[in-house]
Amino acid sequence: MIAIAGAKGGCGKTVTTIGLAEAFGRRGTAAVAVDADRQLPNVHVAGGVDREPTLAALESGTNIDSVVQSSPRVSNVGLLSAPEPSTQVDFEAAFELLETDGVQTFVDCPSGAGPDVVEPLSAADGVIVVTTDGERSCSAAETTIKLARRLEVPVLGTVLNRCDSVPEAVESWTDVPVLGQIPDESSPLTDEETRAAYDDLAQALERRAPPDRTPVEYDDDLLPTGIDELDRRLGGGLAPGSLVAVVADPASQSEQLLYEATAVRGTLYLSTERSVANVERALEAAATTTGTPTVRRLDGDTRPSAATDLIEKLPAASTLVVDPVNALESGDRDAYVTFLDDLKEQLVATESIGLLHCLDEPAAPDHRTTTMHAVDAVLEMETITPEADSRLEHRLTIPKCRAGGRSMEPIELEFGAPSSQVESAGKDG
């Protein structure tokens, strides 16, 4: 159950709701677009169906097919109108009736940030925030994001309507990935270019992990890393505030470990070498389960200060990734030490964890020793080139862990394999 929301009227929530539902339908997944805006209902108008029946007709025992009208464009997509303003509706109960296996539901929420939007938004499993590139629309979208977080509804990301580029205001949002950009067309539900944009958006949503994925259940005081066997070795994960160095050869697949870590919780992913687009493409193509991190690029001599500015906006209980940290280690030592101090303080304040990807190059960066001394744990990953007809092996050791989980016995990793297939390297003797 995904809510489509945005505090500014006219940002394109209704068309996005229908466009996404129809994109899922074209991909073979039945979907329903539900109008929850009793004051300004528009799904029936934009979708080209009758005003009646409405959501109010959906009661226990009701045949859903008798209430939901079929989209004129995609046969396996239903459209459900909003009830009259005076009609009282238990949105949570109504939405539960719509939750059918194999059917994806999208809910068009009212504009604003009042009680009318709180009720349907609270009942959703996640929210996509819609905005245009206008200053007022972006500001209103940020209000919606804050509201969703107060209601503890996961923010899956944002959709930019009628935008050719990402507005600067949107770039500043943390843990709100841009899921798609919809071009400005007069008939967005039938235009070939906009339909393709919605198809891409649907594909991106299907690839990503659910926002509440918890690979291993352990002590609530620890934060899982997303690497199940590592979490078991650590007794459940890392203490909030932990800073970790992930050391690996550049030719290894250590990025896969970082990608898995993004699936557990909201993540800010800072790249010092690859563009934002290249990191996002790598996440989409990863052989393992990933999340929807906020990706930012750090450039030039201003990397430490730029990184500090970004980590100051780190949400509570999140993950920070710096990939790789080598460029920061090769700059001014005082600036780098200040960055590490500020990072540690922010991780402690937000009860988050940080992963520094340390590439093990022939000539070590000038301040690698500083990194190894500052971090709370060191994870060393080794990729072993197989002999003919043998599988690639990835082994992880923990030479340093201030919490007492130091272990030189290697952990064998299989990226993309189910948790039950991940075994300790020494387990079979």
Side-chain angles (χ1 to χ4, degrees), residues 1-6 8-58 62-87 89 91 94-95 97-100 102-111 116-117 120 124 128 130-132 159-163 179-203 205:
M1 182 75 64
I2 297 178
I4 310 297
K8 175 79 167 60
C11 64
K13 297 187 303 297
T14 300
V15 173
T16 299
T17 303
I18 300 172
L20 258 176
E22 294 184 349
F24 269 78
R26 288 191 292 272
R27 293 177 62 79
T29 299
V32 178
V34 183
D35 197 338
D37 190 346
R38 286 176 286 186
Q39 303 301 322
L40 294 171
N42 202 32
V43 164
H44 66 288
V45 177
V49 296
D50 295 335
R51 178 71 174 87
E52 298 284 345
T54 74
L55 186 64
L58 193 60
T62 303
N63 183 341
I64 295 176
D65 291 338
S66 68
V67 178
V68 175
Q69 300 179 69
S70 181
S71 163
R73 292 160 299 278
V74 184
S75 61
N76 63 344
V77 172
L79 307 179
L80 186 54
S81 303
E84 298 293 336
S86 59
T87 305
V89 177
F91 282 100
F95 292 162
L97 295 174
L98 290 169
E99 289 185 345
T100 305
V103 178
Q104 175 64 56
T105 304
F106 297 94
V107 180
D108 182 19
C109 291
S111 300
D116 284 348
V117 70
I128 293 174
V130 180
T131 185
T132 63
V159 170
L160 306 179
N161 259 328
R162 305 188 290 276
C163 292
L179 299 174
Q181 295 175 233
I182 312 301
D184 187 6
E185 298 293 342
S186 58
S187 302
L189 295 178
T190 56
D191 178 80
E192 184 176 345
E193 189 174 354
T194 52
R195 280 163 55 105
Y198 284 124
D199 288 341
D200 289 344
L201 176 54
Q203 185 178 32
L205 284 173

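In this chain, numbering begins with 1 at the start of the sequence shown.
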Ser70 side chain to Ser75 backbone, donor-acceptor under 3.5 Å: yes

Considering all heavy atoms, the nearest Phe24-Ala31 contact: CB-CB, 4.2 Å

Results of side chain to side chain contact (heavy atoms under 4.5 Å, CB included) for Ala196 - residues two or more places apart only: none

Considering all heavy atoms, the nearest Ser81-Gln69 contact: OG-NE2, 4.3 Å

Exercise: identify the closest heavy-atom pair between Thr17 and Ala33: CG2-CB, 3.9 Å

Residue pair Asp35 / Leu55, side-chain heavy-atom distance below 4.5 Å: no

Residue pair Gln39 / Pro110, side-chain heavy-atom distance below 4.5 Å: no

Taking every non-hydrogen atom, the tightest pair across Gly6 and Cys11: CA-SG, 4.5 Å

Asn161 side chain reached by Val15 side chain, heavy atoms, under 4.5 Å: no

Step-by-step side chain to side chain contact (heavy atoms under 4.5 Å, CB included) determination, Val107 to Ile4: CA-CA 6 Å; Val107 180; Ile4 310 297; over 6 Å; no

Validation row: Thr16, Tyr198 side chains within 4.5 angstrom (heavy atoms): yes

Contact summary for Cys109 and Ala3, nearest pair of heavy atoms: SG-CB, 3.8 Å

OG1 on Thr54 to CD on Glu84, rounded to 0.5 Å: 7.0 Å

Check: Arg73 and Ile18 side chains under 4.5 Å, non-hydrogen atoms: yes

Beyond-backbone contact of Asp108 with Val34, side-chain heavy atoms, under 4.5 angstrom: no

Side chain to side chain, Leu20 and Glu22, heavy atoms closer than 4.5 Å: no

Acceptor/donor pairs from residues 181-190 side chains to any protein atom, 3.5 angstrom cut, sequence neighbours excluded:
{"unit_1": "Gln181", "atom_1": "NE2", "unit_2": "Asp164", "atom_2": "O", "d": "3.4"}
{"unit_1": "Thr190", "atom_1": "OG1", "unit_2": "Ser187", "atom_2": "O", "d": "3.4"}

May I have the list of side-chain donor-acceptor pairs in residues 41-51 shorter than 3.5 Å, sequence neighbours left out?
{"unit_1": "Arg51", "atom_1": "NH1", "unit_2": "Ala82", "atom_2": "O", "d": "2.4"}
{"unit_1": "Arg51", "atom_1": "NH2", "unit_2": "Ala82", "atom_2": "O", "d": "3.1"}

Within-4.5 Å side-chain heavy-atom neighbours: Arg26 and Val74: yes

